[in-house]
Amino acid sequence: MDKQIQQLVEMGATVPQARAALHKYKDVMQAAERIFDGEFAHIHDQGGSVPEDYVDYESDFEPQPMTREVDPYAGIFFSKDRREEVIEVEEEAEFVTLPESQEPIKLMTQGEWMKGCPEGNEQSFLFALYDYLCNGNCPCPQGCGFKVPRKKCDFFPLFSEFPSYTEHLRAIIKRSCPTCNIEFCFACGEMVNTANNRPSASSGDTSLFHCSNMQGVILGVGLAMLEATFAEQRQQLICNGNQGPQRSKSNKKRKLHAHSTPTGDDEESDSYYASFSMGRKAKGGTGYAGDQREDTSGQLEAQAQQRVKDGKIGSLLSRIRVYLPSLRRHGGALTSDYMVHPTALAHLRRRFNYLCSTLLRNDSLTDMSDRSVLYFELFEWLETISNHEALASMMAMPIMVVSSVKSVAPKKAVHGKTIIRERAIIYEGSAGPRELLEAIVIQARAAIKGLEGMKSSDPEEEMTEEQKRMTAKGKGKAKEPSPSLDDENEKLLAFCRRILTTADAIDRSLRETKGDAFVDRLHASLPKILTSSTFDHISVRTGGTEEERKKAYLDWAMQVRFEYCDLTVASPDTDVNASVPHYKFYFNNEARMIANSDFPKRSLAIAKELAVLTTNLPVSWDSSVFLRVDENRVDIIKALIIGPEGTPFLFDIFLGPTYNHTPPSVKYMTTNGGKYRFNPNLYADGKVCLSLLGTWSGPGWISGRSTLLQVLVSIQSMILCDEPYLNEPGWANAGGTSQSKAYSANVRRMVVKTAMLGYLKNPPEPFGDVIRTHYRLKADVVIAQLDRWLASDDGRQTTGDSAQPLGKCDATSSSNGFKKDVEEMQSLLRQLQDGTFQY
């Protein structure tokens, strides 16, 4: 066992870890995999001394039960807050001329082979394999003395095409001993017995599946080629974008007709293709002008180029996937499918995760379905990985991504020939593959809900004789079959179902390979679309510090920002059409009129909208958007937008029969029964004045391009602003004036009475839990804010329309009732904090 222990130690394990792993698993490769998975992470070698919980498994000592609990998945479900700093080396490129190529071929350096690896154990595995295949000799396994020297150009040439690389390996992998007349593998040195090939094995040459060393090097080089090709395409997109027309600088003044940016950072040039990004979301259409014609020149050509690029990446993925270990290989599993090299997981976590995370961060299902060739191949990879016990852990592991790079002064190698650059790379944890896939799953479910049309919330009942006679084509049937979807709808629906099938297949495989406990723990960390009945708002802790409170608020808001719920209300006794539900909703009549209608184009538009809204609603400590969609009528929506200074405002939204050819219908509901106008753009009768909705002059809605998310963020960021007086036409330059201050003071009095005190005492459904939790988590901030508002109040009487002349000042601020409202609100906030609030 000493030799095997030494092997594991060279791979990065400690002696106690090596002994414990070998005692349990016997086989050195399986022991290495389990050590790498973190199963023996609790066994430490502290300065050569034996830890208290370590037992020498070669002795006769009877081990005692360990007193402390050990997490068997500590090496897998590590925190996304983890940071690792690694020194990476970039060496001068080496080139070599090979017989099968007329051009010099670049060799993969050790620095390139090790690139992107922050894990100590992985580094040991990678270094050991690279060193083994680059140096020394491969002796005849019979011990006759015949040796074949290994060189870097044997296993590490970077051909321009992956098939050229595999053909090169096939030409060199089998070596013959002239003395013993046997063939042996150049990668592992073991004898190749072609006579024992199983009939069930995959057809064709299986020489590249002979050993785990071949598997490790093929995956490493192949995925490096994939990463380089993918990065090159992304860089081409950036360059092309930089060469295009210069973007006009945004106007610093607030304009209500400007479209908002739903998601993403300021740097759009980092995106891969139009909607792909690395760690960023794609922008959603800033600056589209409704009175301008969109320039579509070159669009078809660009789409054709994208298809070619996607086909190239998809083909390369398919070719490399052949060499992934798979016990379900067509024709039967091969040697390397059972003996998985420890570097296989390292390669996937470094190289494949770069592409995987980039593609899965796409927030456009339509874009993904258009690239189905690429995404279907990605799904095949994820399913293959989850099918093998040695690789399945990767699905739960957070992806380590580069957060910062610090260059170190160039150095020269020992012989003064090769220039070496060192860089200090800091890696941070981010969402793992299964978690990223779940965000796509949520979008797919939302899209399917929209595509499948509106269904009645009541159980189906047999039609009455009267209804049958009134139905021309009823002929005794309770319901006509739904009309077939058009091609575009079918395409998106099929793609969404494939996403759900992939997620289900991965989870089934993980249960088989890793067990129920593993999958249950994985699912507990996945993003979810919750319902008010399943989420415990009261259990959300406020935290002791401001930073903890902000984190708790963001975590809570991210979980509850989008929900499906029942928005129906009981039908009145006088209703002659009681079979169609009623809704507590401003547009109830309009919604009921089209209850049994089907609009395929509208269904497609809603499906796309829901897919984006489920995971992209903006939330922050200062301002957030919460959405509630009827579980059976996804065209019926209620929005609660938290405006500046933490004030909630309610809106009813209806996606009508011509949506999204026309904008949605939006009604502002926080009006104190039609008495209060809080903003120049929010009327007391509920009208929302915004050019995007066609209710104000300026660039408006673009059919097929503008989105509900743009409307929501426009209201959130441009209408619900800190100084609403400036939204009034002609007053944009009056910031800080006495008129603006008086306007804001009047708005605050209305806000406290209606949007704060009124909503906390009688919250609008279905946002009761959201409003109470919002105020509980921000109680200290709101209490202090109310003190400032009271101190700065001008004492005037509250006017329903702040634009009208205001009354005379009262220095005490008591006669207008503002002080009383503030004190009552502060009292309720303290009750929320101490748990005495009466729900």
Side-chain angles (χ1 to χ4, degrees), residues 1-12 27-29 32 91 94-101 104-114 124-159 164-197 205-222 323 334-336 338-344 413-415 417-418:
M1 187 177 285
D2 290 340
K3 183 178 179 181
Q4 294 178 325
I5 289 175
Q6 183 62 31
Q7 286 180 299
L8 293 174
V9 170
E10 290 175 355
M11 292 179 181
D27 178 74
V28 66
M29 295 304 295
E91 304 160 81
E94 299 179 50
F95 293 87
V96 67
T97 302
L98 297 175
E100 58 265 49
S101 176
I105 297 176
K106 185 178 182 294
L107 299 179
M108 177 178 275
T109 64
Q110 179 178 310
E112 291 172 327
W113 174 256
M114 303 287 293
S124 300
F125 297 142
L126 290 167
F127 175 79
L129 182 60
Y130 187 87
D131 184 67
Y132 180 76
L133 296 178
C134 284
N135 305 305
N137 299 309
C138 181
C140 171
Q142 299 284 16
C144 67
F146 176 74
K147 298 179 181 179
V148 182
R150 291 193 182 102
K151 302 183 294 295
K152 188 183 296 186
C153 61
D154 293 326
F155 294 97
F156 296 97
L158 295 174
F159 288 86
S164 300
Y165 174 66
T166 55
E167 286 302 316
H168 165 77
L169 293 180
R170 286 192 180 92
I172 68 168
I173 191 61
K174 289 182 181 180
R175 296 303 174 104
S176 300
C177 176
T179 305
C180 304
N181 292 322
I182 64 167
E183 286 187 334
F184 59 94
C185 175
F186 191 35
C188 67
E190 296 181 2
M191 188 165 58
V192 177
N193 190 349
T194 56
N196 289 338
N197 279 347
D205 184 8
T206 60
S207 59
L208 299 187
F209 299 88
H210 174 263
C211 65
S212 62
N213 284 350
M214 280 304 303
Q215 176 195 79
V217 72
I218 290 176
L219 287 177
V221 174
Y323 299 94
L334 299 168
T335 304
S336 60
Y338 295 99
M339 300 179 60
V340 180
H341 199 277
T343 60
V414 178
H415 301 291
K417 295 182 179 180
T418 304

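Bear in mind the structure is a predicted one, so any value in this text is a computation, not a measurement.
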Would you check, one step at a time, whether the test side chain to side chain contact (heavy atoms under 4.5 Å, CB included) holds for Phe127 with Met114?
CA-CA 7 Å; Phe127 175 79; Met114 303 287 293; 4.2 Å; yes

Kindly write out the residues that satisfy salt bridge (Lys or Arg N to Asp or Glu O under 4.0 Å) with Lys106, not counting sequence neighbours, or none if the list is empty.
Glu112

Hey, does Phe155 have a side-chain heavy atom less than 4.5 Å from the side chain of Met214?
yes

Once the angle between the rings of His168 and Phe159 is folded into 0 to 90°, is it parallel (under 30°), tilted (30 to 60°) or perpendicular (over 60°)?
tilted

Smallest heavy-atom separation, Leu208 atom then Thr166 atom, equals CD1-O, 3.8 Å

Smallest heavy-atom separation, Val340 atom then Ser212 atom, equals C-CB, 4.2 Å

Could you tell me whether a side-chain N or O of Glu91 sits under 3.5 Å from a main-chain N or O of Thr109, the two making a donor and an acceptor?
no

Main-chain N/O of Lys174 paired with Glu183 side-chain donor or acceptor, under 3.5 Å
no

Kindly indicate whether the side chain of Leu107, heavy atoms from C-beta on, has any atom under 4.5 Å from the side chain of Phe95.
no

With a cut-off of under 6.0 Å to the ring centre and 45° to the axis, is Arg175 in cation-pi contact with Phe184?
no

May I have the list of side-chain donor-acceptor pairs in residues 133-144 shorter than 3.5 Å, sequence neighbours left out?
residue	atom	partner	partner atom	Å
Asn135	ND2	Asp131	O	3.4
Asn135	ND2	Asp131	OD1	2.8

Looking at SG of Cys180 and CD1 of Ile182, how far apart are the two atoms once the value is rounded to the nearest 0.5 Å?
5.0 Å

Which atom of Asp154 lies closest to which atom of Ile172, heavy atoms considered:
O-CD1, 3.1 Å

With Tyr323, which residues qualify under side-chain hydrogen bond (donor to acceptor under 3.5 Å, both in side chains), at least two apart?
Arg170

Using a 4.5 Å cut-off on heavy atoms from C-beta on, say whether the side chain of Ile105 contacts that of Thr97.
no

State, yes or no, whether a side-chain contact exists between Phe125 and Thr343 at a heavy-atom distance under 4.5 Å.
yes

Apply side chain to side chain contact (heavy atoms under 4.5 Å, CB included) to the pair Ser176 and Asn181, showing each step before the final yes or no.
CA-CA 6 Å; Ser176 300; Asn181 292 322; over 6 Å; no

Before giving the answer on side chain to side chain contact (heavy atoms under 4.5 Å, CB included), spell out for Leu129 and Trp113 the whole-Å C-alpha distance, their side-chain angles and the decisive distance to 0.1 Å.
CA-CA 10 Å; Leu129 182 60; Trp113 174 256; 3.9 Å; yes

Could you grab the distance from atom CZ of Phe209 to atom OG1 of Thr335, nearest 0.5 Å is fine?
10.5 Å

Side-chain touch Pro157/Leu98, heavy atoms, less than 4.5 angstrom:
yes

If we only count heavy atoms from C-beta on, is the Glu190 to His210 side-chain gap below 4.5 Å?
yes

Below 4.5 Å, heavy atoms only, C-beta onward: do Val192 and Ser207 meet side chain to side chain?
no

So Val217 and Tyr165, side chain to side chain contact (heavy atoms under 4.5 Å, CB included) or not? Walk me through it.
CA-CA 11 Å; Val217 72; Tyr165 174 66; 3.7 Å; yes

For a quick test of reading the model, state the closest non-hydrogen atom pair linking Glu94 to Lys152 and the distance between them.
OE2-NZ, 2.8 Å

For Leu219 against Ala344, the heavy-atom pair lying closest together
CD1-CB, 4.0 Å

Over all atoms of both residues, closest heavy-atom pair of Tyr130 and Met108:
OH-O, 2.7 Å

